[in-house]
Amino acid sequence: MKIVRSDTNIYAFSTDMKPVLEVFPGERILFETNDCFAGQIRSENDLCTEINFDYINPATGPVAVKGADKGDLLGVFIENIEVGKQAVSVVIPGEGILPDKVGSSVTRTVMTDEEKGTCTFAGITLPLKPMVGVIGVAPGEGSFPTGTPAAHGGNMDTNDIRKGTTVWFPVRQKGAMLALGDCHAVMGDGEVCCSGAEVPAKVTVRLELVKGAFAPWPIAVTEKEIVIIASDDTMEQAAAAAGEAMTELVQKCLGLTFEDALILCSLAMDLRISQVVDPKKTVRAVMPLEILPWEKAKAALSGC
Ligand code: CA
Ligand code: ZN
């Protein structure tokens, strides 16, 4: 298995990224990731207000995929996420959903126990639910800080990006250029205080390439659901973008009119909040695979 070390960090997804590794579709790759503070916060005495914000949200990579070109879809199957023993979570004045109420910067450690499948915060036991916060490919044009989510992926902070999920990205330039980082040991939908349980991790993925296919946003396919992940300035705009993409996909796959597809979405699709604290907000549109089988969706995205 090929390994991408945690010292190969990027801080922006851009058109001029240089690959640290080249792989073939079908290969397994282990990404060693840093936490979102690049390891600058190690104890409850290390405060967010004292760290260097030039080094926030590092993503490990990028990896070039041989044969991947603009107009393809890259599937990233998340085979496993192994998290570090200690995670950290923070509040910062001016951040999160209650920016004016946080009086001072606070850091808390969250201990993980992979054997038990739990985390502990303030003596309270929580489930261990490892997920990948930042994952994306080269954007095709421009440069996006890794802390910002957009159509190429980035800081989507979406709970469905976990073990057993395949995340599909529209490839926007040769090689795709996959990078990922910012894993969380656990995070609630919304990420309300501005951080999850931020943790270094080892993420094993397997890649798959579909030639000649397009999706306007990243799509996560879980064991049970198709999840379209859209980001925009407001939650309403992100909700509209995710809902529109799902309506169009349903319309194509099931041969409905736009109006009927929208009614079906209203009956069967959930809108869920991913995060409301990053520079753009992220909302996901979720449809059961029973209604929209992935093979059908993939065929529709391939235009057949
Ligand atoms: Ca994040
Ligand atoms: Zn994070």
Side-chain angles (χ1 to χ4, degrees), residues 6 9-13 31-42 46-48 51-61 76 78 81-84 86-92 94-97 99 105-110 112 119 121 126 128-137 144-163 165 167 178-203 218 220 227 229-232 235 238 272-284:
S6 61
N9 290 323
I10 57 160
Y11 290 90
F13 286 94
F31 286 83
E32 295 181 348
T33 64
N34 294 291
D35 69 30
C36 73
F37 305 113
Q40 295 180 86
I41 295 187
R42 294 182 186 276
D46 297 334
L47 298 181
C48 242
I51 64 174
N52 186 342
F53 264 74
D54 291 342
Y55 300 99
I56 288 290
N57 284 311
T60 300
V76 183
I78 300 175
I81 305 172
E82 189 187 320
V83 298
Q86 178 182 283
V88 294
S89 203
V90 303
V91 287
I92 313 166
E95 297 287 338
I97 61 164
S105 188
V106 173
T107 297
R108 292 289 179 243
T109 54
V110 178
T112 71
C119 308
F121 165 69
L126 305 169
L128 181 66
K129 296 202 290 190
M131 53 84 89
V132 180
V134 171
I135 180 169
V137 296
F144 295 78
T146 43
T148 300
H152 67 282
N155 194 12
M156 297 181 286
D157 285 322
T158 292
N159 262 319
D160 297 304
I161 304 179
R162 54 168 166 76
K163 179 177 173 171
T165 292
V167 194
L178 172 70
L180 60 91
D182 180 33
C183 289
H184 301 158
V186 65
M187 183 196 91
D189 276 355
E191 201 181 19
V192 296
C193 87
C194 87
S195 67
E198 309 291 336
V199 72
K202 292 178 180 172
V203 183
V227 181
I229 305 165
S231 302
D232 211 324
M235 264 197 285
R272 293 182 196 147
I273 292 170
S274 290
Q275 59 73 27
V276 296
V277 296
D278 293 333
K280 304 260 182 190
K281 315 304 170 209
T282 304
V283 173
R284 60 203 196 272

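For ligands, and for the atoms within them, numbers begin at 1 and follow the listed sequence. One is the number of the first residue; the rest follow in order along the sequence. Both backbone and side-chain heavy atoms feed into the values below; hydrogens, waters and symmetry mates do not.
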Report summary line: Row for the Ca ion (ligand 1): angle OD1 (N155) to OD2 (D182), 10° precision, value 90°

Query - NE2 (H184) to the Zn ion (ligand 2) to OE1 (E198) angle, given to the nearest 10 degrees - result: 100°

Query raised in the report: From the Ca ion (ligand 1) out to just under 3.0 Å, does an N/O/S atom of D278 turn up?
Result: no

**Report entry** N, O or S from E191 under 2.8 Å to the Zn ion (ligand 2)
**Finding:** no

Requested in this report: Give a yes or no on whether I78 atom CD1 has more than 12 heavy-atom contacts from other residues, nucleotides or ligands under 6.0 Å away.
Outcome: yes

Query raised in the report: Y11 vs Y55 aromatic rings, parallel, tilted or perpendicular, using cut-offs 30° and 60°?
Result: perpendicular

Query - Donor-acceptor contact present, side-chain T158 to main-chain S274, <3.5 Å - result: no

Query - Minimum-distance atom from the Zn ion (ligand 2) among N, O or S atoms of D182 - result: OD1

Query - Side-chain H-bond candidate by donor/acceptor type, S89 with S195, under 3.5 Å - result: yes

**Report entry** Side chain T146, main chain N57, donor-acceptor under 3.5 Å
**Finding:** yes

